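Following: one structure in structure tokens, then a few remarks.
Computed from a predicted structure; not experimentally measured. Protein chains get the first letters and strands the later ones, always in sequence-line order, with residue 1 at the start of each.
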Amino acid sequence: MEYQPREIEKKWRKHWEDNEIYQVSNDSDRPKYYVLDMFPYPSGSGLHVGHPLGYIASDIFSRFKRLKGFNVLHPMGYDAFGLPAEQYAVTIGVHPAESTAKNISRYRQQLDNIGLSFDWNREVQTCDPQYYKWTQWIFIQLFEHYYCNDANKARPISELRDVFSQEGNANINASTSQKETFTAEEWNVLDDKAQDDILANYRLAYRQVQYVNWCEELGTILANDEVKDGVSERGGFPVERRPMLQWSLRTTAYAERLLQGLDQVDWSEALKTQQRNWIGKSEGAQAFFNLRDFDDQIEIFTTRPDTIFGATFMVLAPEHDLVDKITTPDQRKAIYDYLEYAGSRSELQRMSDVKTITGAFTGAYAINPLNGKEIPIWIADYVLKDYGTGAIMAVPSDDERDNRFAEHFGLEIIPVVDKTGYPNADMQDKVGKMINSGFITGMEVKDAIQAVIHKLEEDGIGKRQINYKLRDANFSRQRYWGEPFPVRFDENDVPHPVGLDELPVELPPLDDFKPTADGKAPLGKLEDWMNTSKGRREIDTMPGFAGSSWYFLRYMDPHNNQAFVGEDAVNYWQDVDLYIGGAEHAVGHLLYSRTWHKFFHDLGLVPTEEPFKKLVNQGMIGGRSNFVYRANEKFAEQYLEKKLKQVSQSFERNKIIGSGENAFEVDFACEECKVAIELKAMHRLERYDDKHHQQFEKLGYTFVPIATEEIFNHYHNFSPIAKKIEKALAGEKVNPNPNAKETALFVSQDMIEDRSAVTKLHVDVNIVHNDIMDTVAFEQSRTDFRKAVYVLNAEGQYKCSHAFEKMSKRYFNVVNPDDMVSQYGADCFRMYEMFLGPIEQGKPWNTEGISGVQTFMKRFWSLFYSMDGYIVTDDAPTKDELKIAHTCIKNVNRDIERFSFNTCVSEFMKCTNELKKLKCHKKAILEDLVVLLAPFAPHVCEELWHQLGNDTSVNLSTYPSHNEAYLKEDAITYPISINGKKRATHEFPVDASKNEIEKAALELEAIKKWTDGKTVRKVIVVPKRMVNIVVG
RNA sequence: GCGGGUAUGGUGGAAUUGGUAGACACGCUAGACUUAGGAUCUAGUGCCGCGAGGCGUGGGGGUUCGACUCCCUCUACCCGCACCA
């Protein structure tokens, strides 16, 4: 009986579904294990073979853990709100809900096709009102809390109100954008609006005017991590900086905990480093500089307070609040011009052009607080409004950018750090001895930093400060397809959350998804919806990361109507034990999720501080593109030249005929036989009319237009063209054969003589096998190459070249998992995905290799079935057979735990090959192996498991573990080396002593040959490993 | 520029603590069986050399009886960040 994956897989998938075999209970005595895949966004193009890599790995691990006795949560759902669906709606006119539903069902089909063991009863979709009800609820919680730095956790805003009305804000140590302090009296006389403005400075969800990444093309603002190289990550549209009133989340409050938490999770160092960089902690000092003619102060942050005596000027960001105020009349024009210039520069321009030094002098002066020196204040866009305070003290002696700026504008440079003791140190390294620096002169940099901070604090003009690069997250999007904010504004524009009984605030139906003309969100078009008796609704919607920042908690308890996740459920499942997904979410999603999780923890809603214990980043699977080479005009020319020389040696290339004004160049001409030939693409020959022929006649030439397509068409048989030329020689008028119109010539890669005579084109990898193209399929697949002619190689084959590229439609290298499954079966496909290489490594997909796994599947099957039917026996296993099986059991167990799935597949192959050689068909051996293989190839194993006589699913079985006794060796083959080079091998009993081995080894013929005439200086015997003899 | 990673046959990749480099596959070569082969099976396959043997894990150096593995250094490629004060 042959292995028929299609039937087996269909049968068992239905069986599993009918019996709800993958349903998981929250009520179990077994230890829990939570395996999560990153939330997919259901895109319109479906999955290619690169996508399921992580899903298959996590599925194998889930099944493995289940068989090891764990209660495994392994859910799946969709991050279903998002820009692409809305863009699609704007351009094609399909409602996002509709296209999203369609894409989801296609995803589901593809996922099911692979035999993944998800508990679909727990599926969540972020666009489902029953789900986003809780996203909105979370938003309200954020709105109603502030971050207390003393308690180091989030606390209710209501507490803050009480404190303010009793003692003002002086004693509140919170993460806040509130700068001014106030007393209880001052607070109590403020009106609602004013009080709310202050509270907003404390709320974890608050509105502020921010310079945002506005993307005109998408009609929305984008988060920093949605902008790459100055253009939108999706679509690549230009992005500009623009001030807008936006909802923000005070994620900066959690910066330190986000940083500390990284030490507790089992993630790759690369990923942690990326997050650390994104959080960007730097320690230094805050300092205030007085101005010469104003009462204002400029606040700066510096990591190098030691260099303050070298501060010879200040630089403000162009957007800095004080710029307008302090600019002197005679500098006004210069500053104005500069502001205009800086404003006109897009983010992209600024980033791509960091070398150009620009800036302008305000005319104002600041006073160095430590030495009273007056220093000029400049503005320049190398200082960023959003970083630090938007102002710096410039120290050109010890900072490269300041140095370049000073050199460029001729500003003073005072050396303050003597680095002669550190010859290898760079300008910015924090080492050296202070010079020219008042009271710190002579100190080492490290001590000077502390001394200056101390002095600043003593004088009340600054203090020690820690700064983070992390910004508060933008939480508003001017789009339709997202969660509506559960917020209404009263007549004073004060936001109020809707009552919890009003949740969810459902997204109202809409037909036209374009932003309004004045840049307002689409929901603004729905006057009735927007204006309610209780106030005006927020018309922006939440960003993509809103729904995806907590979905992993909802899976624990997806149908709970009372809470975003039930207490029992979250206390049972705790956190995600294993999270598998792509590295593209390294900062965005993972950082937001961690922040929310910590907030939930503060509120006592989740027991854990970190949501994802272990994280594995699967590598990208690239495409293996194939190329064909299409002959171009130059090829035709070269070919024609060769052929013409055979007709007549006197044909010349690029020949000028005629003289004076009537002279012109033709591609080929023969002066003796009076024939002129033009070789051009067919469509270019069409303009040659009778007049053209007559022109040649006047010069005494016969004109022969030849189409390149014609050359290609007759490449293998030149005679029709030769005939044509003969006709022309006889003075007859000839025209190109219009039937040749569509002909293209393709040259096999190994037959190319001149690379410039051919054009490289991508060809669909699905019609190429081992780089040999199926030419029939090629012509069927490409309407533009219906009539192709080929220059084949010696084997009569068309050979393609290949390259590794991103898997993408435009490279014709996309391989669809559905095709793989229908051709080879899901089990085979799963195993091949794993067999490709280490899960974390990027690698190219090459369909050819799958045949090796297919052979394995058939071989494994053949241990159970021959042509005549089922052949499994109840015979007792031999020692050898047990050893083979238990070696495999041991190694597979070890390798799964190490996430080394590729070597697991190798182990299975080795084991099967060896058993096959021994013609082992014994139940006692095979039954264990069926369970061992089940996580990888669940369908075939279920079939064989039942065939072996079991009634329940193989999924409910127990994973085999090896018996060390079966692995014992009687003898060990030792490699015997001379000076580290292996020269012989010899078998010794396991219990042979070092001395015995040494003695015997030296007696070996193969070894004597090397030791003869030399001194044996040393013999190293490592028991059970090797022997090394040192001679010299 | 900074940070992280990778480098092993024609190809994908193996190699517990330093201990037989190239497992397992793809491809290729030869053969068997076949009407056929993109089926199956057998043998071979790192490179050079007829051979003995030599050389081989990106390059160079070091530690060691012994290095893909540890140390130093250089190179190439990939990823992330980037006027970050």
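Across the interface with RNA chain B, nearest-nucleotide mapping of A:Pro844 and A:Thr358 shows A:Pro844 to be the residue nearer the 5′ end. Along RNA chain B, the nucleotide closest to A:Gln823 and the one closest to A:Leu271 are compared, and the more 5′ of them pairs with A:Leu271.
Proximity note for A:Lys858 (side chain, C-beta onward) versus B:A39, B:C83, B:A85: the nearest is B:A39. Taking only side-chain atoms of A:Arg404, from C-beta outward, the nucleotide of B:C83, B:C24, B:C26 with the closest atom is B:C83. Distances from the side chain of A:Asp381 to the nucleotides B:C83, B:C65, B:A85 place B:C83 closest. Of the listed nucleotides (B:C65, B:A85, B:G27), B:A85 has the atom at the smallest distance from the side chain of A:Ile392. Counting only heavy atoms from C-beta on, A:Arg859 has its side chain closest to B:A25 among B:U16, B:A14, B:A25. Distances from the side chain of A:Asn902 to the nucleotides B:A14, B:A85, B:A25 place B:A14 closest. Residue A:Lys469 has its side chain nearest to B:C84 when only B:C84, B:C24, B:A14 are considered.
Residue A:Arg401 places at least one side-chain N or O under 4.0 Å from the OP1 or OP2 atom of B:C84. Between A:Asn913 and B:A25 there is a side-chain polar atom (N or O) within less than 4.0 angstrom of OP1 or OP2. Note on A:Asn846: every side-chain N or O is 4.0 Å or more away from OP1 and OP2 of B:C26.
Atom C1' of B:U42 sits at a distance of 29 Å from the matching atom of B:U8, rounded to the whole Å. For the P atoms, the distance linking B:U17 with B:C26 amounts to 29 Å, nearest Å. If you take atom C1' in B:G53 and the same atom in B:U6, they sit 35 Å apart, rounded to whole Å. A gap of 15 Å separates the C1' atoms of B:G9 and B:A15, to the nearest Å. Separation of the C1' atoms belonging to B:C28 and B:C47 is 16 Å when rounded to the nearest angstrom. B:G46 and B:A32 are spaced 24 Å apart, taking the P atom of each and rounding to whole Å. Comparing B:C77 with B:C41, their C1' atoms sit 42 Å apart, to the nearest whole Å. Taking atom C1' on both nucleotides, B:G18 is separated from B:G3 by 30 Å, rounded to a whole Å.
Using a 4.0 Å heavy-atom criterion, one finds that A:Lys910 contacts the sugar-phosphate atoms exclusively. At a threshold of 4.0 angstrom between heavy atoms, the contacts of A:Arg1017 with the nucleic acid are absent. Residue A:Glu269 is out of contact with every strand shown, counting any heavy-atom pair closer than 4.0 Å.
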Extract from the structure each pairing of a protein N or O with an N or O of nucleotides 18-20 of chain B at less than 3.5 Å, listing the distance.
from	atom 1	to	atom 2	distance (Å)
B:U20	O2	A:Lys982	NZ	3.2

For nucleotides 53-63 of chain B, which of its nitrogen or oxygen atoms have a protein nitrogen or oxygen under 3.5 Å away, and what is each distance?
from	atom 1	to	atom 2	distance (Å)
B:G53	OP1	A:Lys1009	NZ	2.6
B:G54	OP2	A:Arg983	NH1	3.1

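Residues A:Leu967 and A:His962 are in side-chain contact: their nearest non-hydrogen atoms beyond the backbone lie under 4.5 Å apart. Put simply, the side chain of A:His320 does not reach to within 4.5 Å of the side chain of A:Val315, judged on heavy atoms. Within the 4.5 Å cutoff, side-chain heavy atoms of A:Val1016 are placed close to those of A:Leu1002. Side-chain contact between A:Lys281 and A:Ile466 is present, with at least one heavy-atom pair separated by less than 4.5 Å.
In this entry the distance linking CD of A:Gln274 with P of B:C81 reads 6 Å, nearest Å. Following rounding to the nearest Å, A:Tyr824 (OH) and B:G38 (P) show an atom-to-atom distance of 13 Å. If you measure from atom OH of A:Tyr387 to atom P of B:A85, you get 4 Å, rounded to the nearest angstrom. Whole-Å rounding puts the A:Ile767 CD1 to B:G38 P distance at 17 Å. Rounded to whole Å, atom P of B:C26 lies 12 Å from atom CD1 of A:Ile850. Look at CG on A:Asp895: it is 15 Å from P on B:C24, rounded to the nearest Å. A:Met867 places its CE atom 18 Å from the P atom of B:C33, with the value rounded to the nearest Å. For the pair A:Met620 CE and B:U6 P, the interatomic distance rounds to 18 Å; values are reported in whole Å.
Salt-bridge annotation for A:Glu833 and A:Lys843: absent, with no side-chain N of the basic residue lying under 4.0 Å from a carboxylate O of the acidic one.
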Would you sketch RNA chain B in dot-bracket for me? Only Watson-Crick or G-U wobble pairs with both distances under 3.5 Å count, crossing pairs as [ ], other-strand pairs as |, the rest as dots. (((((((..(((......[....)))((((((.......))))))(((....)))..(((((..]....))))))))))))....
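Using cut-offs of 30° and 60° for the angle between ring planes, the A:Phe936 and A:Phe901 rings count as perpendicular. The aromatic rings of A:Phe829 and A:Trp845 lie tilted to each other, with the angle between the two planes from 30° to 60°.
Against the 90° criterion about 0, the sugar-base torsion of B:G9 places it in the syn range.
A:Tyr468 and A:Glu256 share a side-chain donor-acceptor pair at under 3.5 Å. There is a side-chain donor-acceptor pair under 3.5 Å between A:Thr252 and A:Asp472. If you check the side chains of A:Thr903 and A:Asp895, you find a donor sitting under 3.5 Å from an acceptor. Under 3.5 Å, the side chains of A:Thr358 and A:Tyr338 contain a donor-acceptor pair of N or O atoms. Remark: the A:Asn617 side chain and the A:Glu840 side chain contain no N/O donor-acceptor pair separated by less than 3.5 Å. Looking only at atom types and distance, the side chain of A:Asp402 has a donor-acceptor partner in the side chain of A:Tyr382 under 3.5 Å away.
In this structure, A:Arg6 places its CZ atom where only 12 or fewer heavy-atom neighbours from other residues, nucleotides or ligands lie under 6.0 Å away. Residue A:Glu987 qualifies as enclosed at atom CD: its count of foreign heavy atoms under 6.0 Å is above 12.
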